[in-house]
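Counting convention: from 1, in listed order, for ligands and their atoms alike. As the structure is a computational prediction, the values presented were derived from the model and not from experiment.
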Amino acid sequence: MRSFMGVLFVAAAALWSNAGSAQTVADTLLVNGKIVTVDDRFSIAEALAIRNERIIAVGSTAEIEKLKGPTTRVVDVGGRTVIPGLIDNHAHFMRAAEYWHRGVRLDGVTSHNEALGLMKEKAAQSKPGEWVVVLGGWSEEQFTDEPRGFTRTELDAIAPNNPLALQLFYFRVYANSAALKAMGIEAGTPEPSGIKVAKDDKGQLTGALDGEPAIGLLRSKLGEVAREKAVENVRTLMHDLNKMGITSFQDQGGSGTKPSHIEAFRLAHDSEQMTVRSFYNYYEEPRSAADVDNLIGRMAQIKPFQGDDWFDLTGYGETLYFPLHDALLAKAANPSAEALQLWQRLGLALAKNGIHLNVHAQLRGSIEGFLTAMEAINKERPIKGLRWTFSHLDQAQPQDLERMKRLNIYAQIHSRPVIQGALMFGVHGPLTYDMPPLRLIQDSGIPWGLGSDATAVTPSSPFYTLWWAVTGKMIGGKQVLRQTISREEALIAHTRSNAAFLFQDGNLGSLAPGKYADLVVLDRDYLTIPADEISAIKPLMTMVGGRIVHNAMN
Ligand SMILES: [Zn+2]
């Protein structure tokens with residue numbers, strides 16, 4: 001019976017296409033929308049047609065409906081705004097997936113009390129003894145009711161049966177009693193190296209652990225995640241990203257990245273479970289001349305572009321010579337000639353192997369030092385085709401942008417101030433208003449795009465990044481950036497421009513014939529709502545390659 005029906009169906013389809021016009025039949029039509037194509041002219045259309053994962057036509061609803069066949073699915077978006085799938089050009093999602101099932105996210109939460117409620121809810125859903133963690137992505141200053149951290153006592157009250165801990169950027173952990181105990185920290189024990197254990201005037205632990213090693217200590221206690229669970233976490237994370245409108249990202253590795261993180265994505269890919277196009281850069285942390293030699297010796301083994309449009313290695317990420325990595329809230333960088341020499345040797349090896357580079361550089365000293373090294377590298381081996389990229393560029397000056405332009409260096413700008421802005425004022429004072437110099441970068445003509453740097457140092461939703469770029473505000477409402485850009489400029493930077501970092505210019509970033517049907521239907525119009533509402537935009541539907549991966553449309 002089944003095969004008979006199958007034959008009938010095929011025969012009917014063949015008959016239709018013979019009888020019909022010469023035009024191709026679409027798999028899916030999206031009609032009655034305000035389709036913000038983000039093509040070169042930023043044109044707005046009403047409808048689009050999809051076939052075999054790609055957009056085949058964009059136009060008016062009447063035009064596009066001509067591509068309807070008997071099996072075509074028609075999605076009527078009822079006048080809603082549709083934008084290209086958002087691309088995060090710089091994230092650390094692969095590392096974050098590992099403990100996603102234990103995690104609570106406080107992204108965008110402006111109430112201390114609400115934050116407690118979210119952690120309480122997660123603890124109640126967890127088995128006794130299971131960890132509950134907030135692995136960054138929040139700041140004390142985002143809470144408008146009580147801008148502060150958390151005490152051991154209040155964390156004990158909401159999670160009496162579970163170890164509960166919060167990572168605050170890379171400088172502090174807040175923990176309840178069970179978490180402190182699991183980390184081997186008690187009132188009488190000596191402080192672990194590099195960690196300051198806070199105590200009240202009675203000598204009791206407050207629950208705060210200061211110093212970067214506290215983050216490593218916490219992570220080391222979270223336990224192994226079985227391979228199957230790790231793949232499930234990858235699926236859940238990708239789905240959570242789809243709900244935020246993310247359809248692609250470039251991952252930069254970062255401290256704590258393990259081969260198992262990449263393996264979990266590879267397994268998800270090989271079993272066809274991808275719902276976010278996941279591109280990543282190779283990451284290592286050379287810390288000495290010997291490490292540098294060792295890495296150079298293995299450089300030829302880094303082989304980008306062996307994958308496909310769902311999962312691929314794109315280059316080398318984040319940091320070349322680790323001692324020159326700008327710390328989060330550092331005030332200035334003064335790289336030594338010797339360290340820059342090592343940086344340059346690594347850079348030259350990348351250039352010789354034709355490898356794309358994304359390098360973190362916030363501070364003036366680093367930006368200038370790296371540019372000098374890049375100019376020297378370029379004389380020996382041209383880098384102009386490799387799309388080498390600076391991330392952050394907080395303190396870039398016009399002359400830096402000129403040098404970047406001559407070398408064809410791209411820029412990635414991240415929305416760290418959306419939660420770190422207040423802390424940046426503490427370090428840089430009013431200079432913070434121009435960090436990063438977003439307007440200057442937009443006007444420079446340099447290829448540049450917007451990303452988050454999630455998940456430890458920013459929230460993940462691209463709508464926070466877009467909102468920050470347009471309004472200059474941090475979560476909680478404080479003005480932290482003076483150099484804002486228009487909504488159109490911000491959207492281009494978070495879609496079409498970002499395709500370049502993934503070497504996917506021909507496939508992603510705009511809603512145009514030939515490109516993949518990666519798109520997001522929004523609950524309100526990004527282009528016309530009050531700017532303050534941009535952070536509250538909720539995707540109603542997300543499609544990747546023409547497949548609906550998130551649907552909250554009724
Ligand atoms: Zn990063």
Side-chain angles (χ1 to χ4, degrees), residues 86-98 105 107 135-139 167-171 212 215-216 219 237 241 246 248-258 261-262 265 276 278-286 313-330 333 343 356-363 366-367 370 387-396 409-421 423-424 435-436 438 441 448-462 464-465 468-469 493-494 498 501-502:
L86 292 154
I87 302 171
D88 193 331
N89 66 28
H90 186 115
H92 302 271
F93 293 136
M94 294 174 91
R95 174 180 75 182
E98 184 176 20
R105 297 297 301 178
D107 296 18
L135 295 175
W138 66 285
S139 72
Q167 170 186 347
L168 180 59
F169 299 113
Y170 286 103
F171 58 81
E212 185 162 3
I215 317 294
R219 284 176 175 267
L237 168 75
L241 297 178
I246 295 177
S248 303
F249 64 79
Q250 189 184 44
D251 194 278
Q252 310 294 347
S255 283
T257 299
K258 305 174 195 167
H261 298 158
I262 294 159
F265 273 78
V276 177
S278 305
F279 300 91
Y280 68 104
N281 281 338
Y282 180 84
Y283 180 81
E284 234 180 87
E285 281 179 7
L313 175 71
T314 38
Y316 186 102
E318 195 77 68
T319 171
L320 269 183
Y321 182 54
F322 195 76
L324 295 188
H325 186 81
D326 289 337
L328 222 51
L329 292 165
W343 194 101
H356 164 72
L357 165 70
N358 174 283
V359 66
H360 172 119
Q362 293 164 202
L363 302 165
S366 303
I367 296 166
F370 297 168
R387 303 183 181 185
W388 280 14
T389 302
F390 278 125
S391 263
H392 299 296
L393 286 172
D394 287 353
Q395 296 185 340
I409 306 288
Y410 291 12
Q412 290 187 349
I413 302 303
H414 313 308
S415 52
R416 279 188 320 128
V418 85
I419 54 171
Q420 280 171 53
L423 292 168
M424 287 166 69
M435 292 172 63
L438 194 54
I441 289 165
W448 80 280
L450 280 169
S452 65
D453 205 6
T455 56
V457 301
T458 64
S460 305
S461 168
Y464 289 119
T465 300
W468 163 78
H494 222 314
N498 277 347
F501 300 104
L502 315 176

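- Residue contacts to the Zn ion (ligand 1): His90 brings an N, O or S atom closer than 2.8 Å.
- Checked by atom type and distance alone, the side chain of Asp394 never pairs as donor or acceptor with a backbone atom of Met435 at under 3.5 Å.
- Checked for salt-bridge contact, Glu98 and Arg219 miss the test: no charged N lies under 4.0 Å from a carboxylate O.
- Checking Glu318, Gln252, His261 one by one against His92, the side-chain hydrogen bond (donor to acceptor under 3.5 Å, both in side chains) holds for a single residue, Glu318.
- When you scan the N, O or S atoms of Glu318 for the one nearest the Zn ion (ligand 1), you land on OE1.
- Within Asp453, the N, O or S atom lying nearest to the Zn ion (ligand 1) carries the name OD1.
- Note that the CZ atom of Phe390 and the CD1 atom of Ile367 stand 7.0 Å from one another [nearest 0.5 Å].
- For the Zn ion (ligand 1), the set of nearby N, O or S atoms under 2.8 Å includes none belonging to His414.
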